[in-house]
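Data first, discussion second: the structure below is written as structure tokens.
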Amino acid sequence: MNLNAWQIYKRLLSYLKPYLGFFLLSIFGYILYALTQTAFAVLMERIVAEMDAPSASAYIYLPLAIISITVARGVGGFIGTYCLDRVAFSIVNELRGQIFSSILQLPRQKYLQHDSGHYLAILIYNVEQVTAATTSAVRTLIREGATVIGLIGYLFYLNWQLSLLFFAASPFIALVISYASKRFRRLAKNMQNSVADITHRATESLQGNEVVKTYGGYDSELLKFQQASEDFKRQSLKMTVTASLNSPIVQFLVSSALALLVFVALYPGLMQPMAASEFIAFLITAGLIAKPLRALTEINGPLQRGITAAKSVFEVIDFSGEKDTGSIDISRAAGKLEFKNVNFSYAEELVLKDINFTVNAGETVALVGRSGSGKSTLANLLPRFFDLSSGEILLDEVPLQQYKLDSLREQIGIVNQQVVLFADSIKANIAYGSLSAKSDAQVQQALEIANASEFVEKLPQGIETQLSEKGLMLSGGQRQRLAIARAVLKDAPVLILDEATSALDNHSERYIQQALERVMQNRTTLVIAHRLSTVKNADIILVMDNGEIVERGNHQQLLQQNGLYAQLYQQGFEEESAVSESCETNS
Ligand SMILES: Nc1ncnc2c1ncn2[C@@H]1O[C@H](COP(=O)(O)OP(=O)(O)O)[C@@H](O)[C@H]1O
Ligand SMILES: [Mg+2]
């Protein structure tokens with residue numbers, strides 16, 4: 001959905017509703033604060049007048065007035081800022097929750113469209129921008145707006161002719177200010193880009209440290225970083241120049257206007273003579289007006305920033321989650337799977353073409369084929385990570401989309417190449433999510449079946465051992481076995497093994513092979529492998545090429561066909577079966 005600026009305003013306002021009380025209170029505080037400015041100008045007039053002709057009570061009420069004004073200013077400012085920030089922080093909190101919830105429910109396709117940095121930036125940075133920018137705009141509007149109105153009113157009350165004269169000079173001041181703020185915005189944007197560049201360079205070099213070192217990237221990385229850093233320095237300096245020239249120029253213009261006032265007021269015969277106290281009050285008030293006026297002219301910048309940020313935030317919140325219109329709740333499926341004329345494409349090109357096969361409950365189907373032939377894609381259709389382009393997939397004779405999404409996913413355990421481990425204890429990683437109620441004994445048993453208990457017991461705190469970020473302290477094989485343990489604990493009737501053993505050394509592979517064979521018993525298993533002995537024992541083997549099933553049958557039949565399977569077998573399955581045979585003799 002594409003929101004225009006007005007819709008975004010309205011939507012932001014709707015977030016304000018629950019906090020309307022605090023918001024009104026902050027307006028009250030800021031108006032009080034603003035009035036003290038005018039009160040100060042009036043006070044100056046009174047002081048000078050009383051100096052001229054003291055009244056009996058002046059020595060009491062003037063000092064009291066000074067203190068009251070200051071106290072009122074402090075109280076007003078505090079109430080205004082506290083209440084407004086309270087509203088702002090509450091809204092950030094609420095928006096963050098909504099963004100995160102939306103991100104968790106994103107369809108897989110959406111994750112693939114952007115890198116995770118995109119969503120992180122929205123969650124962390126943009127959301128702050130929304131309130132920081134709009135809050136500062138609102139603060140300025142109320143506080144400086146009320147100040148300016150009060151001061152202008154007082155000016156006209158004192159002498160309307162001089163006021164008009166003074167305001168004749170203001171367009172020049174406005175011009176300087178608007179030039180400076182445009183430049184500011186451009187520089188601020190440049191600086192943001194520079195910072196992004198610096199971070200980008202640094203993270204890339206940190207993450208790719210090994211490549212940088214082994215391929216001699218030191219000099220080029222250093223050079224690129226220095227360029228980015230140098231660029232930031234230049235932008236910062238330009239910012240300083242603009243900032244430090246801006247205010248003397250504005251001050252010069254304001255004082256020129258004031259000089260003109262003094263000239264006109266004092267030039268003989270040009271104006272009605274004013275009381276000294278009023279003239280001084282006039283000059284002071286005119287001087288006071290410059291700053292809030294300037295703040296008001298700069299209100300648009302942050303407001304625009306806020307609107308832009310809000311737009312990206314709302315876009316994420318508005319993402320539609322996964323389609324979940326099914327109504328069937330199954331406690332435990334038997335596990336019969338059926339693909340009927342299934343076609344699928346990520347974008348335009350069909351990645352799966354007319355897939356048809358059936359697996360009975362408890363059977364194993366193996367997918368074999370070159371990389372890129374569509375095996376993982378086919379497996380990802382079962383938990384409905386993606387929706388079909390056409391055709392049907394049935395679980396226990398019922399189309400997948402008729403099940404509730406949660407209920408469907410309950411039925412499926414997955415172990416794939418990329419093991420996901422969280423920075424938590426081993427136990428929490430195995431008994432994750434809906435498995436969190438499982439007992440320690442059940443976790444231990446799952447580790448046992450997954451051939452993982454041996455190494456877990458050697459860890460300092462056993463299953464309570466905390467894994468570092470992404471479990472990097474473990475070897476690939478160990479991580480893989482933890483992933484298997486997680487699937488074992490889930491004990492789902494359908495199991496997907498997507499190259500669960502690729503990229504492992506023979507020793508770990510043997511362990512994992514054993515573990516997998518135990519896990520596959522009594523469930524429907526879809527196993528994807530280049531070089532797995534399980535393929536030989538599968539009830540059906542489907543050979544995929546370019547999105548199609550080109551051969552099917554059991555090991556013997558396929559070898560006799562002497563087609564693609566036989567070819568793949570020659571290339572890779574031989575060494576693999578040698579490994580598994582030695583494994584069998586060992587155990
Ligand atoms: N998320 C995706 N978006 C677009 N194309 C994809 C995506 N994932 C895989 N593909 C493409 O789909 C085809 C099948 O990929 P995949 O199922 O991963 O193959 P396999 O698992 O057999 O190696 C490949 O051509 C691949 O480039
Ligand atoms: Mg794959």
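With 3.5 Å as the limit, one finds a donor-acceptor pair spanning the side chains of Tyr30 and Thr81. Side-chain contact check for Arg11 and Tyr15: no donor-acceptor pair (N or O, by modelled atom type) lies under 3.5 Å. Side chains of Glu221 and Ser205: a donor on one and an acceptor on the other come within 3.5 Å. Ser389 and Asn343 are not linked by any side-chain donor-acceptor pair at a separation below 3.5 angstrom, with hydrogens and angles left out of the test.
Shown here is Leu13, whose CG atom has more than 12 heavy atoms of other residues, nucleotides or ligands within 6.0 Å. More than 12 heavy atoms of other residues, nucleotides or ligands sit less than 6.0 Å from atom CZ of Phe279. Phe385 CZ: more than 12 foreign heavy atoms inside a 6.0 Å radius. The neighbour count for Phe156 CZ, taken as heavy atoms of other residues, nucleotides or ligands under 6.0 Å away, is above 12. Other residues, nucleotides and ligands place more than 12 heavy atoms under 6.0 Å from the CZ atom of Phe319. No more than 12 heavy atoms of other residues, nucleotides or ligands shown are found within 6.0 angstrom of CZ on Phe28. The number of heavy atoms from other shown groups lying within 6.0 Å of CG (Asp424) is above 12.
The shortest distance between side-chain heavy atoms of Glu278 and Asn159 does not fall below 4.5 Å. Residues Phe314 and Leu12 meet the side-chain proximity criterion, which asks for heavy atoms closer than 4.5 Å. Between Gln161 and Leu165, every side-chain heavy-atom pair lies at or beyond the 4.5 Å cut-off. You'll find the side chain of Val241 stays beyond 4.5 Å of the side chain of Leu237, heavy atoms only. Under the 4.5 Å side-chain criterion, counting only non-hydrogen atoms from C-beta, Met44 is not in contact with Val48. At least one side-chain heavy atom of Leu421 sits less than 4.5 Å from a side-chain heavy atom of Leu474. Looking at heavy atoms from C-beta onward, Val127 lies out of side-chain contact with Ile122 at the 4.5 angstrom threshold.
Using a distance-only test at 3.5 Å, with no hydrogens or angles considered, no donor-acceptor pair links the side chain of Ser101 to the main chain of Gly97. When atom types are taken as modelled, the side chain of Thr36 and the backbone of Ala72 share no donor-acceptor pair closer than 3.5 angstrom. Listed for the Arg96 side chain is no donor-acceptor partner under 3.5 Å among the backbone atoms of Glu128. In this structure, the side chain of Ser102 engages the main chain of Val316 through a donor-acceptor pair within 3.5 Å.
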Does the side chain to side chain contact (heavy atoms under 4.5 Å, CB included) test come out yes or no for Leu162 and Phe166, once each step is laid out?
CA-CA 6 Å; Leu162 276 187; Phe166 177 68; over 6 Å; no
Let me see the working for Leu482 and Asn429 under side chain to side chain contact (heavy atoms under 4.5 Å, CB included), right down to the final yes or no.
CA-CA 8 Å; Leu482 291 187; Asn429 265 289; 5.8 Å; no
Under the side chain to side chain contact (heavy atoms under 4.5 Å, CB included) criterion, do Gln466 and Gln461 qualify, and how do the steps go?
CA-CA 8 Å; Gln466 291 286 324; Gln461 277 106 33; 5.9 Å; no
I would like to know whether Lys323 and Gln401 meet side chain to side chain contact (heavy atoms under 4.5 Å, CB included); could you show each step before the answer?
CA-CA 9 Å; Lys323 276 194 223 106; Gln401 62 274 15; over 6 Å; no
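A distance of 7.5 Å separates CG in Leu467 from OG in Ser425, rounded to the nearest 0.5 Å. Taking OG from Ser436 and CD1 from Ile430, the interatomic distance works out to 13.5 Å, rounded to the nearest 0.5 Å. For the atom pair CD of Glu322 and CG of Leu104, the computed distance is 10.5 Å after rounding to the nearest 0.5 Å. Interatomic distance, Arg479 CZ to Gln418 CD, rounded to the nearest 0.5 Å: 10.5 Å. Separation of atoms CG (Leu405) and OG1 (Thr325) is listed at 9.5 Å; rounding is to 0.5 Å. Between Leu35 atom CG and Ile69 atom CD1 the span is 10.5 Å, to the nearest 0.5 Å.
Remark: aromatic rings of Tyr61 and Tyr59 are distant, center separation not under 6.0 Å.
Using cut-offs of 30° and 60° on the angle between ring planes, the pair Phe344 and Tyr346 is perpendicular. Between Tyr82 and Phe22, the two ring planes are perpendicular [angle over 60°; tilted spans 30° to 60°].
Nearest heavy atom pair, residue Ala34 against residue Ala146, reads CB-CB, 3.4 Å. Nearest heavy-atom pair, Phe386 versus Leu381, reported as atom, atom and distance to 0.1 Å: O-CD2, 3.7 Å. Nearest heavy atoms, Asp197 versus Ala228: OD2-CB, 3.8 Å. The minimum heavy-atom distance between Glu144 and Pro292, with the atom names listed, is OE1-CB, 3.4 Å. Looking at every heavy atom in both residues, Val212 comes nearest to Tyr218 through CG1-N, 3.8 Å. Of all heavy-atom pairs between Gly306 and Thr134, the closest is CA-CG2, 4.4 Å.
By the 6.0 Å and 45° rule, Arg143 stacks over the aromatic ring of Tyr33.
Ion pairing between a basic and an acidic side chain is recognised when a charged N comes within 4.0 Å of a carboxylate O; Lys213 and Glu210 show no such pairing. Taking the charged nitrogens against the carboxylate oxygens, Glu204 and Lys224 have no contact shorter than 4.0 Å, which rules out a salt bridge. A salt bridge does not link Asp318 to Lys311: none of the charged side-chain nitrogens sits closer than 4.0 Å to a carboxylate oxygen.
Legend: salt bridge (charged side-chain N to carboxylate O under 4.0 Å, His left out) pairs involving residues 239-253, not counting sequence neighbours: none detected.
Qualifying side-chain hydrogen bond (donor to acceptor under 3.5 Å, both in side chains) partners for Ser277, counting only residues two or more places apart in sequence or in other chains: Glu45.
Exactly one of Asn93, Ile91, Val92 qualifies for a side chain to side chain contact (heavy atoms under 4.5 Å, CB included) with Leu95. That residue is Ile91.
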